[in-house]
Amino acid sequence: MKDNFEVNIDDTINSGQVFLWKKFNSKWYGINGEKILILGDKLNGKSKDIQKFFRFDDDFQKIKKQLSKDNVAKKAIGNFPGMRILRQDPFQCYISFIVSSNSNIPNIQTRLQKLSQKFGEKKILHGKEFFLFPKPEKLANASIANIAKCGLGYRTKYVKKAAVAVNEGMVDFSSLKKLDYLEARNELCQVFGIGKKVADCILLFSLDKLEAVPLDRWVLRILQKYYSKEFQVTTKTITDKTYDNLHDKIVEHFGKYAGYAQQFLFKNERENFEKKWLG
DNA sequence: ACCTGACCTCGTCT
DNA sequence: AAGACGAGGTCAG
């Protein structure tokens, strides 16, 4: 709680967790489900929404200290000491990462903007126009043809089915939060279009499972580059079984905050390669 | 059980 | 300027 002043908003927004954020006149405006969040230079610690979103309930010093036992992570944390993991609106997070498969950040952002514009509620704030993230019901009842107009390609049917699953109660986020990590991941993977990587993103970024470690191309690259002794990763993509084996070893190595480790390593490596973030 | 290929679309790079 | 390339995966055979 006491080190909230350390939060680096830019680094946090630009770490591939969220996509519906824009900066106007040095203020960030973002959509989190049914809410519009506004962030100035410093966090307004009074707002409950902001506290929840930035996970002020986490003992950040303790987490950093624990992860710093690993030298590579320590360096990444040193470079981005104010980056946090965000606690997002679960439905938005769920759709966001389903839509992220085999794509890059500008692409993902465009798709989500179009979805919001087409199916989300319009709001005017500070004289600017915003669209809230669509409600599950709205997406569930949307036609395949209309969803497809948002440039989702083959992910169209994933989104439709995933929204229906939530709308009909097959997927219930508050129940998932109560399950342990692996049970919750198995549940999410039942949804058409959600594999282990996407499930891990949803769990880490919206369902409080800090031991979730999304193993994407970047993380695999990082493991090859810096952890050839600890984890033998040789391929660009991995099978389901390798995913689980690797995940077990990673949690063993980093501990229960492994998800935070992943985020620091990911951010650091992407910055090395100057990948694009949000505008 | 593993492995491989196909997959939509779009921004970027030639 | 048109064409190729690849991007934070998943599913099906």
Side-chain angles (χ1 to χ4, degrees), chain A residues 11-21 76 80 83 85-86 88 92-115 117-118 143-163 165 171 185-206 212-225 233-247 250 258-279:
Chain A
D11 285 344
T12 301
I13 299 294
N14 284 319
S15 65
Q17 302 179 61
V18 291
F19 305 96
L20 291 175
W21 285 78
F80 304 99
M83 192 200 65
I85 281 182
L86 297 168
Q88 297 180 44
Q92 180 174 337
C93 187
Y94 169 87
I95 298 296
S96 296
F97 285 95
I98 288 173
V99 147
S100 76
S101 87
N102 208 16
S103 303
N104 48 35
I105 286 181
N107 248 328
I108 299 165
Q109 187 185 22
T110 305
R111 288 181 193 136
L112 293 172
Q113 281 169 350
K114 287 184 178 171
L115 276 173
Q117 209 167 108
K118 206 161 172 52
S143 72
I144 289 285
N146 279 336
I147 298 174
K149 285 180 189 163
C150 300
L152 304 197
Y154 64 84
R155 304 164 197 79
T156 302
K157 54 186 180 298
Y158 297 168
V159 166
K160 169 79 176 175
K161 288 194 176 189
V171 170
R185 197 187 68 179
N186 285 337
E187 286 293 312
L188 280 173
C189 285
Q190 301 304 309
V191 178
F192 188 64
I194 299 185
K196 288 175 177 172
K197 187 272 171 184
V198 168
D200 272 339
C201 288
I202 300 164
L203 291 166
L204 177 61
F205 301 140
S206 73
V213 181
L215 299 178
D216 56 34
R217 285 170 149 94
W218 281 94
V219 175
L220 295 182
R221 248 174 254 160
I222 291 164
L223 295 177
Q224 291 182 50
K225 192 167 165 186
V233 178
T234 52
T235 50
K236 220 168 117 170
T237 54
I238 52 176
T239 63
D240 260 23
K241 195 175 177 183
T242 320
Y243 194 104
D244 284 337
N245 285 334
L246 242 186
H247 179 265
I250 288 171
Y260 265 101
Q262 177 271 357
Q263 197 59 25
F264 282 111
L265 296 172
F266 179 81
K267 168 72 175 168
N268 195 57
E269 193 67 3
R270 299 248 328 181
E271 290 292 344
N272 285 343
F273 284 86
E274 298 180 340
K275 298 304 285 187
K276 287 205 169 164
W277 302 110
L278 309 181

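Here the closest non-hydrogen pair linking A:R185 and A:D244 is NH2-OD1, 2.5 Å. Contact record, A:V213 with A:A258: CG2-CB, 3.6 Å, taken as the closest heavy-atom pair. For the residue pair A:L204 and A:A212, the shortest heavy atom distance occurs at CD2-O, 3.7 Å. Here the shortest heavy-atom pairing between A:R217 and A:N102 reads NH1-OD1, 3.9 Å. Between A:L215 and A:K197, the shortest heavy-atom distance links the atoms O-CG, 3.7 Å. Minimum heavy-atom separation, A:Y94 to A:A162: OH-O, 2.8 Å.
Ring pair A:F97/A:F19: centre-to-centre distance below 6.0 Å.
One side chain, A:E269 or A:N272, offers a donor N or O that lies under 3.5 Å from an acceptor on the other.
A:F192 comes within 4.0 angstrom of the backbone, heavy atoms only, and of no base. Within 4.0 Å of A:F205, counting heavy atoms only, lies at least one base atom of the nucleic acid. No contact: A:V99 has no heavy atom under 4.0 Å from any strand. Across all strands, A:L215 comes closer than 4.0 Å to no nucleic acid atom at all (heavy-atom distances).
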Please list each protein N or O that sits under 3.5 Å from an N or O in nucleotides 2-5 of chain B, with the distance.
from: B:dC2; atom 1: OP1; to: A:K241; atom 2: NZ; distance (Å): 3.3

Just the atom pairs and distances: protein N or O near nucleotides 12-14 of chain B's N or O, under 3.5 Å.
from: B:dT12; atom 1: OP1; to: A:K276; atom 2: NZ; distance (Å): 2.6

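The backbone N or O of A:L152 lies less than 3.5 Å from no partner atom in the side chain of A:T156, so there is not a single donor-acceptor pair. A donor-acceptor contact shorter than 3.5 Å links the side chain of A:R111 to the backbone of A:G151. Although no hydrogens or angles enter the test, the distance criterion places no donor-acceptor pair under 3.5 Å between the side chain of A:Q17 and the main chain of A:Q88. With hydrogens and angles ignored, the 3.5 Å screen pairs no side-chain donor or acceptor of A:T235 with any backbone N or O of A:I238. A donor-acceptor pair under 3.5 Å is formed between the side chain of A:K196 and the backbone N or O of A:D240.
Reading DNA chain C from its 5' end, the first and the last nucleotide to sit under 4.0 Å from a heavy atom of chain A are C:dA7 to C:dA12.
Heavy-atom distances to DNA chain C give each of A:Y158 and A:F19 a nearest nucleotide, and the one nearer the 5′ end belongs to A:F19. Toward the 5′ end of DNA chain C lies the nearest nucleotide of A:N107, the other residue of the pair A:N107 and A:I238 mapping further downstream.
The nearest whole Å value for the distance from the CD1 atom in A:I108 to the P atom in B:dC8 is 18 Å. Taking atom CD1 of A:I98 as the reference point, atom P of B:dC8 lies 17 Å away to the nearest angstrom. Atom pair A:D244:CG and B:dA1:P shows a separation of 13 Å (rounding to whole Å applied).
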(request) Dot-bracket for DNA chain C, please, read 5' to 3', with Watson-Crick or G-U wobble pairs under 3.5 Å on both distances, ( ) within the strand, [ ] crossing, | other strand, . unpaired. (result) .||||||.|||||

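Remark: the separation of the P atoms in B:dT4 and C:dG8 is 23 Å, to the nearest Å. As rounded to the nearest Å, B:dC8 and C:dG13 have P atoms that lie 14 Å from one another.
A search for side chain to side chain donor-acceptor pair (under 3.5 Å) contacts involving A:S143 returns A:N146, not counting sequence neighbours.
Among A:L203, A:D216, A:I98, A:V99, the one residue that satisfies the side-chain contact (heavy atoms from CB on, under 4.5 Å) test with A:V198 is A:I98.
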(message) Under the criterion side-chain contact (heavy atoms from CB on, under 4.5 Å), I'd like the reasoning laid out for A:W218 against A:R221: C-alpha separation, chi angles, the key distance, then a yes or no.
(response) CA-CA 5 Å; A:W218 281 94; A:R221 248 174 254 160; 3.4 Å; yes

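A heavy atom lying under 4.0 Å from DNA chain B marks the following residues of residues 144-156 of chain A, by number: A:G151, A:L152, A:G153, A:Y154, A:R155.
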